[in-house]
Amino acid sequence: MQVKILSTFLDGYDRYIAGDTRTIDSADAARFIKAGWVSAVDVPAEPDATTTATNLAVADLDHSTGVDNHG
């Protein structure tokens with residue numbers, strides 16, 4: 001479950017820093033939410049690949065530098 005850390009705290013060896021977003025297991029998330037240390041983050045559903053169209057405009061570029069090393 002993805003959570004937003006509301007206050008800095010330690011849990012075992014893990015340090016959770018206020019402002020960070022982390023993915024943690026559901027049991028820990030429920031415990032932290034109940035304590036008021038984190039809040040759940042709504043993760044948007046992935047878009048359906050069949051309904052999303054993407055057009056790319058690719059231009060050819062010439063990256064020649066014209067450097068001559070004639071001492």
Can you list the residues that meet the side chain to side chain contact (heavy atoms under 4.5 Å, CB included) rule with Thr21, with sequence neighbours excluded?
Gln2, Lys4, Val41

When you measure from the side chain of Thr8 to the backbone N and O of Ala18, does any donor-acceptor pair fall under 3.5 Å?
yes

Please check: side-chain N/O of Asp11 versus main-chain N/O of Asp14, any donor-acceptor pairing under 3.5 Å?
no

What are the two closest non-hydrogen atoms of Arg15 and Arg22, and how far apart are they?
O-NH1, 3.1 Å

To which residues is Phe9 joined in a hydrophobic cluster, defined by side-chain heavy-atom contacts under 4.5 Å among Ile, Leu, Val, Met, Phe, Trp and Tyr, whether direct or through other members?
Met1, Val3, Ile5, Tyr16, Ile24, Phe32, Ile33, Trp37, Val38

Hydrophobic clusters join Ile, Leu, Val, Met, Phe, Trp and Tyr when side-chain heavy atoms are under 4.5 Å apart, directly or via other members; which others share one with Tyr13?
none

